Colleague: 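This is the structure I want to talk about, given as C-alpha cells.
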Amino acid sequence: MRFADFPFLRYLPFILIGILWGQSSWSPGLLVLSIILGILWLFYLILVSNHKPRIQPSSLAYLALIFLGAVLVQNKQHQTDFSTEILQAESYLAEVTMYDQQKPNSFENLLEVKSLLTEGEWDDAQGKVLVYHQSEKPLEPGQIILVRKKPEEIASPLNPYEFDYRLYLSRQGINYRQFLGKDFHIVDSTAGSGFDYFLVNLRHKIGEMMKAKIPDENSSQIALALLLGQKKELDPTIREAYTQAGVMHILAVSGLHVGIIYALFILMLKPLKLKIEKARIYLLCVILVIWLYAFLTGLSPSVVRASTMFSLLTLGQMRERRPSIYNILAFSAILMITINPDVIYEVGFQLSYLAVLGIVMIQPLILNLWLPRYKALEYIWQLTSVSLAAQLVTFPLSLYYFHVFPTYFLLGNLLILPLAFLIMQVGVPLMIFGWIPVLGDGLGWILSWLIWGQNWIAETIRLIPGGKLDRLTMDFSGMIFVWGLLLVIAGWEFGSKRKLTWLALSLAFLWAGFQIYGEVRVPAKELIVYQGKKSQILDFSDSGEVYSWNQGLEPGEISYSVDPNRIQNRWPHTPKSFDAFLKESGEIDFVGTDFTFHPKDRKLHFFSTPKSVQFWSEGKWTYVSISDSLVVDSLAYRILF
C-alpha cells in the first residue's frame, strides 16, 4: 500500500493550504489569483504534452491546487459580501427562505434581501438578514416582505474566548440581524416554488405529520431530530441526557442514519434475486434515495460525506470494484470544500471525517485484541470496538471545543445505538406512509414507545454519578500529539518501526516544549475584566490563586461570557471571593491587590503602574497605552502586574 495509490488524499492537503492562504490578509485578490491559476494550468498542460519536461508536472499541479483553494475561498467571500448600503437604506424588500422557528418571545426567520430603497430609488441587492418577529400569522418560504427599518450588524464577542456568533453566521453568509416585531408588510404571499422550496415544504409537512402521529411530545422531538435533523425544539433536559450518555451524535442526522437507510435497501437486494441489469437500476435508485434524504435533511456535512461515500461504493459495486475508502473520504471532502470552502471550520465536518478515519484505521486493531466464541459476544465486541475507535480519534477535538467527556459513552452506545437502528426502521416508513390513516397512526404509536424507551435509557445513564468529566481542556499541540500517536499505532505493523518511533519521540518532545513554553508565559498576577449586559465581573489570578468579584451577572451570562476564559486558563468554575470594602469615595478596595474599582464610573485605579494593559478585539488581545487608571466601559480588559 503506497501513498501514491490515493490521489485524492494527496490533493486534499494542498487545497486546504490554499484555503487558509486565501483567507489570510496577505493573499492577492480574486482576479490576480484566477489569472495565476490559469497560467499554472496552461504550463501544466504544456509540460504534460512534453515527453521530457525539465520540471516535474506534479510540482506545478500541486502549486495549482494551492491557488485553486485560494480562488475558491476568495470567490465565496466575493459572493457573500453584503454591501453596507443596507445600513443607510430607508427600506428593503426580502424573500422569506424558511419556516418560523419558535423562540421564547418571538419567531426566528431568515430573509434573502432582493432590493434596497435609498434616497427614493430602488436598487437590486443580495444578502441575508436574520430576523425575529411577533406576527400572529407565521411567515412561509417564498413570501416577499417589505421592511421599513434598517437592520443592525452582528456584534463581535465582548469577552475572551466567548463563542463568536458573528463569525459563525458570517460563514453562512449572514452579517445582519433585526427585531421586526409586527412592523413589516407582506407584499407577495405566493408560496415558494422550485426544487429548494419543494424540499423545504416537504420537510415541514413531514415534520408536522410526525408531530400529529407521535402521541408523546418528548418522543416527537427526538423523532424530528433523529429523522429530519431538526434539533432546535429539543428539551434541554433531553439534550443533556443524550450528551452525558455519549450518544448525542444519533440526534444529528449523520452518516449513521444514511448508513442505516443504505443497509435497509442493500439487504433487500439479495432476496430480490435481480439480474445484473435490473440490479444496477435498483442500485441507481438506492443512490437517488440516499441523496433525496440528504437534501431533505438539510445537507449537513456528515450526511453529504456519507452520501458521497455510499454513492461511490454503490457505483463500485455496479462495476464489481471496491474503491479505496481513503480515496472516497478525500474525494467527498474535496467535493464539499469546492461547494463551500468554509465547511472546514464546521465542527460537524471535522468530527464526521475524524470518526470515519478512526473507524477505518483503529477499529480493526481493537477488534483483533479479542476473538469471541459466540455470535452475541462478537456483535457486542464489534459495536464496542467501533465506539472506542471513533471516540479515541474524536475526543481531542471534543475537548478542544466542548471541554466535556462522557464517561459512559460505551454503555450509551451499546444500549442506544441498536434501539436507534430499530427507530430508523420504523421512522423511515412513517415518513413515507404516515399519510395513510390507520398505518400512520400505528407506526407513530410504535415509534413513540421505542423513543420513550430510548429516552428512559439515556435519562437513567444521566442519573449515574460521574456521568461526565467537564471543564477539560486540550490545546492544538495536544491534539496533534494524540493524533500523531494514534497514527503511529495504526501504522506500526505496516511501516518502518524505527521511523515511527522517531516520530512518536519527536511529537512527545514538541508537545512537552509547548507545555513548558505555556507555563513560562503565565503571568504571576493577572486581572481580567469581563463585560456583561449591564455590569462587569473581575477575575484576579495571583500565583495560582484566583479571586473574583461579580457586580451582578446572572449564572447563565457567566456560563456564556466568563467561563470560556476560565476554562482556557484552567481556573476554577467558582473562584474565591475578594476580600473588599467600600470607601467613602464610592471606590471598592480589594485587599491584597494594587488596584481599586469605582462601579458607578466603571473606572480602575492602579497603585503601581501595570506591566501591560490589553483589550479583547477580533479574537485576540490588543495592547493599549498604560496609565494609572482605566475606564472599563464596553470592552474586556487584561491587566498584567
Side-chain angles (χ1 to χ4, degrees), residues 3 12-14 16-21 23-26 66 160-162 164 344-345 347 350-351 353-354 357-358 361-362 365 389 391-405 469-492 494-528 539 541-546 563-572 610-614 616-623 638-641:
F3 189 61
L12 182 58
F14 295 98
L16 292 176
I17 291 171
I19 289 174
L20 296 176
W21 175 45
Q23 292 177 331
S24 66
S25 58
W26 40 275
I66 293 175
Y161 306 107
E162 184 180 324
D164 196 338
I344 64 173
Y345 297 105
V347 181
Q350 298 167 10
L351 288 174
Y353 280 89
L354 282 173
L357 280 174
M361 297 176 66
I362 307 296
L365 302 178
Q391 196 72 42
L392 276 172
V393 178
T394 57
F395 90 88
L397 196 67
S398 297
L399 295 188
Y400 181 78
Y401 283 122
F402 308 118
H403 315 292
V404 174
F405 183 80
L469 304 175
D470 55 7
R471 305 186 68 78
L472 302 176
T473 59
M474 181 172 285
D475 58 13
F476 188 75
S477 65
M479 288 196 297
I480 298 300
F481 176 61
V482 172
W483 289 332
L485 288 184
L486 291 174
L487 189 62
V488 168
I489 294 170
W492 189 255
F494 311 102
S496 168
K497 291 180 173 57
R498 183 178 178 181
K499 291 180 180 179
L500 291 172
T501 302
W502 277 110
L503 175 60
L505 289 173
S506 301
L507 289 170
F509 279 115
L510 282 173
W511 176 76
F514 277 108
Q515 299 309 304
I516 293 171
Y517 176 73
E519 290 296 326
V520 169
R521 285 179 57 87
V522 174
K525 294 183 179 182
E526 176 182 7
L527 173 65
I528 303 290
D539 275 358
S541 173
D542 185 359
S543 302
E545 294 289 340
V546 183
D563 252 4
N565 186 65
R566 289 178 176 173
I567 294 173
Q568 186 75 19
N569 290 310
R570 297 180 175 88
W571 290 351
K611 292 181 181 178
S612 70
V613 178
Q614 306 158 35
W616 184 258
S617 177
E618 303 297 331
K620 62 181 180 180
W621 292 111
T622 303
Y623 287 90
R638 182 184 187 218
I639 301 99
L640 305 183
F641 297 93

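Note that the structure is a prediction, hence the values are computed from the model and not measured.
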Colleague: Can you find a pair of side-chain heavy atoms, one from F641 and one from D542, that are under 4.5 Å apart?
Modeller: no
Colleague: Look at the aromatic rings of W21 and W26 and report parallel, tilted or perpendicular, splitting at 30° and 60°.
Modeller: tilted
Colleague: Going by the angle between their ring planes, with limits at 30° and 60°, are W616 and W621 parallel, tilted or perpendicular?
Modeller: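 It falls in the perpendicular class, over 60°.
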Colleague: Dump the intermediate steps for side-chain hydrogen bond (donor to acceptor under 3.5 Å, both in side chains) on Q350 and Y400, then the final yes or no.
Modeller: CA-CA 12 Å; Q350 298 167 10; Y400 181 78; over 6 Å; no
Colleague: Once you round to the nearest 0.5 Å, how far does CD1 of I516 lie from CZ of F509?
Modeller: 10.0 Å
Colleague: Scan for salt bridge (charged side-chain N to carboxylate O under 4.0 Å, His left out) pairs involving residues 506-526, sequence neighbours excluded, and state none if there are none.
Modeller: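 Salt bridge (charged side-chain N to carboxylate O under 4.0 Å, His left out) check on residues 506-526 returns E526-R638.
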Colleague: To the nearest 0.5 angstrom, please state how far the CD1 atom of I639 sits from the CD1 atom of I528.
Modeller: 7.5 Å
Colleague: Over all heavy atoms of both residues, which pair between I489 and L365 is shortest? Give the atoms and the distance, please.
Modeller: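 Reported closest heavy-atom pair: O-CD1, 3.7 Å.
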Colleague: Using salt bridge (Lys or Arg N to Asp or Glu O under 4.0 Å) as the criterion, list what pairs up with R570, not counting sequence neighbours.
Modeller: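 Expected list: none.
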Colleague: Using 0.5 Å steps for rounding, measure from the CG atom of N565 to the CG atom of D539.
Modeller: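 Spacing of CG (N565) from CG (D539) equals 7.5 Å.
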Colleague: Verify side chain to side chain contact (heavy atoms under 4.5 Å, CB included) between H403 and D563, making sure each step is shown before the conclusion.
Modeller: CA-CA 11 Å; H403 315 292; D563 252 4; over 6 Å; no
Colleague: Would you please test S398 and L351 for side chain to side chain contact (heavy atoms under 4.5 Å, CB included) and show each step?
Modeller: CA-CA 8 Å; S398 297; L351 288 174; 4.1 Å; yes
Colleague: Could you work out, with ring pair (Phe, Tyr, Trp, His ring centres under 6.0 Å) as the rule, every residue matching W571, not counting sequence neighbours?
Modeller: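 Partners of W571 by the ring pair (Phe, Tyr, Trp, His ring centres under 6.0 Å) criterion come out as none, since no residue qualifies.
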Colleague: Does K497 offer a backbone N or O that forms a donor-acceptor pair with the side chain of W492 under 3.5 Å?
Modeller: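 Pair absent, no side-chain N/O of W492 close to backbone of K497.
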Colleague: How far apart are the closest heavy atoms of P572 and R566, and which atoms are they?
Modeller: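 So the minimum-distance heavy-atom pair works out to O-CD, 3.8 Å.
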Colleague: Do V482 and M474 make a side-chain contact, defined as non-hydrogen atoms from C-beta onward lying under 4.5 Å apart?
Modeller: yes
Colleague: Using every non-hydrogen atom in the two residues, find where G358 and V393 come nearest and quote the distance to one decimal.
Modeller: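 In this case the closest contact between G358 and V393 is CA-CG2, 3.3 Å.
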Colleague: Verify side chain to side chain contact (heavy atoms under 4.5 Å, CB included) between M479 and L399, making sure each step is shown before the conclusion.
Modeller: CA-CA 9 Å; M479 288 196 297; L399 295 188; over 6 Å; no
Colleague: Do you know which two heavy atoms are closest between S541 and G544, and how far apart they sit?
Modeller: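 What the structure gives for the nearest pair is OG-N, 4.4 Å.
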Colleague: Return the set of residues passing side chain to side chain contact (heavy atoms under 4.5 Å, CB included) with L16 (not counting sequence neighbours), or none when no residue passes.
Modeller: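 Per chain and number, L16 pairs via side chain to side chain contact (heavy atoms under 4.5 Å, CB included) with L12, I337, I344.
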Colleague: With sequence neighbours left out, what residues match Y353 under side-chain hydrogen bond (donor to acceptor under 3.5 Å, both in side chains)?
Modeller: S332
Colleague: How close do G484 and L507 get, heavy atom to heavy atom, and via which atoms?
Modeller: CA-CD1, 3.4 Å
Colleague: Once rounded to the nearest 0.5 Å, what's the spacing between atom CG of L487 and atom CD1 of I362?
Modeller: 8.0 Å
Colleague: To the closest 0.5 Å, what do you measure between CH2 (W483) and CG (L392)?
Modeller: 13.0 Å
Colleague: Evaluate F481 against Q515 for side chain to side chain contact (heavy atoms under 4.5 Å, CB included), listing each step before the verdict.
Modeller: CA-CA 12 Å; F481 176 61; Q515 299 309 304; over 6 Å; no
Colleague: As an exercise, state the distance from CG of D475 to CH2 of W511, rounded to the nearest 0.5 Å.
Modeller: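 Interatomic distance, D475 CG to W511 CH2, rounded to 0.5 Å: 8.5 Å.
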Colleague: Could you report the tightest heavy-atom contact between L500 and G491, atom names first, then the distance?
Modeller: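 In terms of heavy atoms, the two residues are closest at CD1-O, 3.2 Å.
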Colleague: Identify, with sequence neighbours excluded, every residue that meets side-chain hydrogen bond (donor to acceptor under 3.5 Å, both in side chains) alongside S612.
Modeller: Q614
